[in-house]
Amino acid sequence: MLGNKENNKQILRYVLPSVSAMIVSFTYNMVDGMFVGQGVGPSALASVNLAMPFTQIMTGIASMLAIGGATAMAIYKGKEDTKRANQVFLTSTLLVIIAGLFITGVGLFASTHIARLFGATELLLGQTATYIKWYSLFSIFFTASILGNAFVRNDGSPELAFWGMIVGALSNIFLDWLFIFPLQMGIKGAAIASGLGQLLSCLVLACHFLRKKGILRIERFSVNVKQCREVIVCGLPEFVIQISQPMTIFCYNLVILHYLGESGLTAFAGVTYMMVIMLGVFFGISQGLQPLIGTSFGRRETHKVNYYFRAGLLINLILSTLLYSIYVLIGPYALKLFITDNTLIPLAYTALKWYGLAYIPAAINIIYITYFLSIRKSGQAFWISCSRGIVLNCLLIFTLPALFGIKLIWLPLLIAESLTLIFAMLLKKRKSTKKIIADRTEDRLEKRIS
């Protein structure tokens, strides 16, 4: 299956930078948790965890517009329709700017209400609201960096996309240390450090357009409502992917607070910070494969579409199994980086073993979603995303502990991902790639958009 040297070369060119950048990017989230937990305190770590649904919803909106536009752009690029590819890019840029400004307004003026909505107790309310307020101040840079990374990668510069994320991540790590320890700025410093890191990332990515690399250009254009709809529809599954993690955390936060209290929330926060590395790998692989599948689909190269899809499944399966095994081995020691109270380590390690096991089927599900998304089958991608991230997961988080006791509190994610994998395999089996490419419904949609 992996014997085609040219295809493998393309996989390495796009996937390696993407995975490396995502690992570093997600690592800075981990380091952020370490600095907050060690430098500000356990309650601050719990507060950042409570604020995570807000930050991830922002990421989800930006990813929806960025990946939705980049997916359509890759297909048009494969068809050598440069004009329409650039129109999609400009439309996505406008939508991201509007979204970023809106999120900034909401975060600045409603941070306390948002913190309460996400379950902050009186003890954690002040710090949670402070983090949301300062984090949202930089929303335009967070959203713009996600947009730039997606389009720069799809426009043939995966290396620059890599450096954009690296610069943002490393600068954030340094600024985290500076603001939290020497300057003693507390949880506010952690939020500002994240925002400034994304500002620097945007400056790096802007070089692609200033140097006029690739086919994308920044120029005046007319807003096309149908094209706005195309970007949103194509990106909706990506939005669900991005918010599935904060939805899981939000639901777990409520259940954990009910059954285990604030100490249980601190233990769970340590686990979620550890799992971000695995998420970085999976998202990196899927984002690296997306331009390859999308462009091949646009060129009607069925054999390459299937090749990249199978390669993604194999890579994610191997890496997810390997990473989970490492986590089980080093878990008791690694968790101490985030949790200063040693009495919470056994609880956190139990959660890590069962909660982390779910990331093996999750890794495969992400490839299925990327595949359907890249071949413009947004409906299938959307239902897989909803199944794993919202419907089954949230339902099981609340019902399993209530029906069978607290011992099953860490199993819902594993069950939800496993059932979703079966669902995804059945969807893939229903229709071959050749039939998908020959589907005239997509051609009629393109004519209406144009």
Side-chain angles (χ1 to χ4, degrees), residues 57-103 140 143-144 146-156 209 214-243 287 290-291 293-300 305 369-386 431 433 435-450:
I57 288 171
M58 179 183 69
T59 301
I61 293 171
S63 297
M64 173 182 70
L65 301 174
I67 300 300
T71 299
M73 174 259 173
I75 295 172
Y76 292 137
K77 181 182 177 183
K79 295 179 178 181
E80 299 183 354
D81 191 345
T82 303
K83 181 179 179 181
R84 192 177 294 178
N86 200 62
Q87 180 79 9
V88 169
F89 162 64
L90 295 172
T91 301
S92 298
T93 302
L94 176 64
L95 292 174
V96 161
I97 291 172
I98 294 171
L101 293 174
F102 175 77
I103 293 168
I140 192 68
T143 54
I146 293 171
L147 174 87
N149 191 275
F151 277 96
V152 167
R153 185 174 58 248
N154 276 270
D155 200 23
F209 306 104
I215 63 172
L216 300 180
R217 299 289 182 268
I218 298 175
E219 58 191 19
R220 294 184 65 180
F221 75 108
S222 299
V223 179
N224 187 319
V225 176
K226 289 183 179 179
Q227 201 145 60
C228 292
R229 185 181 64 185
E230 179 189 22
V231 169
I232 293 171
V233 170
C234 286
L236 198 56
E238 182 68 22
F239 173 75
V240 178
I241 290 174
Q242 293 294 334
I243 68 166
Q287 289 183 12
Q290 176 265 314
I293 298 174
T295 302
S296 299
F297 176 75
R299 293 172 180 165
R300 299 184 181 270
V305 172
I369 294 168
T370 300
Y371 165 75
F372 282 119
L373 184 63
S374 300
I375 61 172
R376 301 191 75 169
K377 285 296 171 183
S378 300
Q380 285 89 330
F382 175 77
W383 288 117
I384 295 172
S385 299
C386 284
K431 204 167 189 180
T433 304
K435 290 181 180 179
I436 292 171
I437 290 178
D439 196 336
R440 293 181 180 178
T441 303
E442 300 296 337
D443 294 329
R444 289 197 296 269
L445 175 61
E446 290 179 23
K447 290 178 182 178
R448 288 201 299 269
I449 292 170
S450 61

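The structure displayed is predicted, hence computed values, not measured ones.
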Side-chain heavy atoms of [X] within contact of [Y], under 4.5 Å:
{"X": "L147", "Y": "S92", "answer": "yes"}
{"X": "E230", "Y": "T91", "answer": "no"}
{"X": "R229", "Y": "V225", "answer": "no"}

Review point. Between atom OG of S296 and atom CD1 of I375, what is the distance when rounded to the nearest 0.5 Å?
Key: 12.0 Å
Study note, to complete from the structure: Hits for ring-ring contact (aromatic ring centres under 6.0 Å, His included) against F382, two or more places apart or cross-chain, chain-then-number order -> none
Practice item. Not counting sequence neighbours, which residues clear ring-ring contact (aromatic ring centres under 6.0 Å, His included) with F151? List them please. Key: F89
Check your understanding: Under 3.5 Å, is there a donor-acceptor pair between the side chain of N86 and the main chain of T82?
Key -> no
Would you mind writing out the side-chain donor-acceptor pairs for residues 64-71 within the sub-3.5 Å range, not counting sequence neighbours?
residue, atom, partner, partner atom, Å
T71, OG1, I67, O, 2.7

Identify, with sequence neighbours excluded, every residue that meets side chain to side chain contact (heavy atoms under 4.5 Å, CB included) alongside [X].
{"X": "A85", "result": "M73, Y76, I215"}
{"X": "I98", "result": "L94"}
{"X": "I103", "result": "F54, M58, I61, S139"}
{"X": "T295", "result": "A74, R299"}

Check your understanding: How would you list, by chain and number, every residue that makes a side chain to side chain donor-acceptor pair (under 3.5 Å) with E80, sequence neighbours excluded?
Key -> none
